Participant: 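Take this structure first; my questions come after.
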Amino acid sequence: MWIGVVTIFPELFGAFLSTSLIGRARQSGRLQIEVRDLRDFTDDPHRVVDDEPYGGGGGMVMTAPPWLRAVRELSAGRSPRRVLLSPQGRRLDDAKVQELAAEPELLLLCGRYEGIDERVRELVVDEEVSIGDYVLSGGELPAMVLVEAVSRCVPGVVQQQSSVERDSFRSGLLDHPHYTRPAVVEGLAVPPVLLSGDHAAIERWREREALRATATKRPDLLAAAPLTAEQRAVLETCK
Ligand code: 4FV
């Protein structure tokens, strides 16, 4: 998978791109991530990328020409899905992550200031994605969130692919509780079933606890979750 990123702060991506899962995926060649500085696409001697808003009002707006040049030059010989990270976008969720992970190429546009000139959206943006209903200072962190989430769907990036399939939300449910050594923590013991070696019983316990966690922490998910009749029966006993 190829992912291009356009930003005025490429240095923000340094450690993120060379650490852990993403770092290994790039070394293995499963992921090519190209971060480019928007200022490299200005022909302004001072590499200016923002200007005052037409109609007045506070703040600055990112001017269109550098974005148009950047997106078109980075799309040469490619046809990436061009995604602008912005609060106006469709909310990023597991379904959107899987949809974007199915694309061979993504180009992520990271805005700053009050936003980007609207003509950029009209001319070179396929879709907008938001990571949540709050305003950040830039699209860089949302881009990193999207890259991390999508990368986990790329075959071979996560060693335990099964763990990705079992991830929260993939099943429509939250994850079950996890325990590890020591067996007792300040008087709190591990649920005995997890020490029983009875894998069928352990699987039943984990499904029940995933249903309980979802019912208590995210009841909104239950409505959309593809639950079996048996799971619905178990759910009744959890309430
Ligand atoms: C954002 C979000 C976000 C808005 C103005 C960058 C900022 C500034 N992006 N999900 N929430 N972007 O707040 O994606 O240009």
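Just follow the structure's listing: the first ligand is 1, and inside any ligand the first atom is 1. These figures come from a predicted structure and were not determined experimentally.
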Participant: Among all the protein's non-hydrogen atoms, which is closest to atom 8 (C) of ligand 1, and how far away is it?
Facilitator: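 Of the protein heavy atoms, Tyr113 O, 3.4 Å lies nearest.
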Participant: Is any side-chain N of the basic residue among Glu128 and Arg121 closer than 4.0 Å to the acidic one's carboxylate O?
Facilitator: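 Answer for the salt bridge query: yes.
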Participant: What part of Ser130, side chain from CB on, backbone N/CA/C/O, both or neither, has a heavy atom under 4.0 Å from ligand 1?
Facilitator: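 Both backbone and side chain.
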Participant: So that I can tick it off, tell me whether Arg91 and Asp133 are bridged by a salt bridge, with the cut-off set at under 4.0 angstrom between side-chain N and carboxylate O.
Facilitator: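 Looking at Arg91 together with Asp133, the answer is yes, because their closest N to O distance falls below 4.0 Å.
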Participant: Should you measure from each heavy atom of Gly132, which atoms of ligand 1 turn up under 4.0 Å away?
Facilitator: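 Close to Gly132: 11 (N).
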Participant: What atoms of ligand 1 come closer than 4.0 angstrom to any heavy atom of Arg112?
Facilitator: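 Every atom of ligand 1 under 4.0 Å from some heavy atom of Arg112: 15 (O).
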Participant: Among protein heavy atoms, which lies nearest atom 10 (N) of ligand 1, and at what distance?
Facilitator: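 The answer is Ile131 N, 3.1 Å.
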Participant: How about Glu52: does its CD atom have over 12 heavy atoms from other parts shown lying under 6.0 Å from it?
Facilitator: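 Check fails, neighbour count at 12 or below.
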Participant: Can you name the nearest heavy-atom pair linking Ala149 to Val97, along with the distance?
Facilitator: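 Closest heavy-atom pair between Ala149 and Val97: O-CG1, 3.5 Å.
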Participant: Pull out every atom of ligand 1 sitting under 4.0 Å from any heavy atom of Val135, numbered as shown with elements.
Facilitator: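 Heavy-atom distances to Val135 below 4.0 Å select 13 (O).
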Participant: Using a distance-only test with no angle check, is there a side-chain donor-acceptor pair under 3.5 angstrom linking Thr237 and Arg208?
Facilitator: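 Arg208 and Thr237 do have a side-chain donor-acceptor pair below 3.5 Å.
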Participant: Which is closest to atom 4 (C) of ligand 1 in terms of heavy atoms, Ser86, Pro87, Pro142?
Facilitator: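 Checking each option, the heavy atom nearest atom 4 (C) of ligand 1 is found in Pro87.
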Participant: What residue and atom, counting heavy atoms only, is the protein's closest point to atom 11 (N) of ligand 1, and at what distance?
Facilitator: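 Nearest protein contact, heavy atoms only, for atom 11 (N) of ligand 1 is Tyr134 O, 2.9 Å.
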Participant: Which option out of Val145, Leu136, Asp133, Val61 puts a heavy atom nearest to atom 7 (C) of ligand 1?
Facilitator: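 The residue whose heavy atom sits nearest atom 7 (C) of ligand 1 is Leu136.
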Participant: Which pair of non-hydrogen atoms, one from Cys110 and one from Ala143, has the smallest distance, and what is that distance?
Facilitator: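 What the structure gives for the nearest pair is SG-CB, 3.6 Å.
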Participant: Checking Ser75 side chain against Arg72 main chain: does a donor-acceptor pair fall under 3.5 Å?
Facilitator: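 Not at all, since once roles are kept as given, no pair shorter than 3.5 Å links the two residues.
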Participant: In terms of atom number and element, which parts of ligand 1 are under 4.0 angstrom from non-hydrogen atoms of Val129?
Facilitator: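 What qualifies from ligand 1 is 14 (O).
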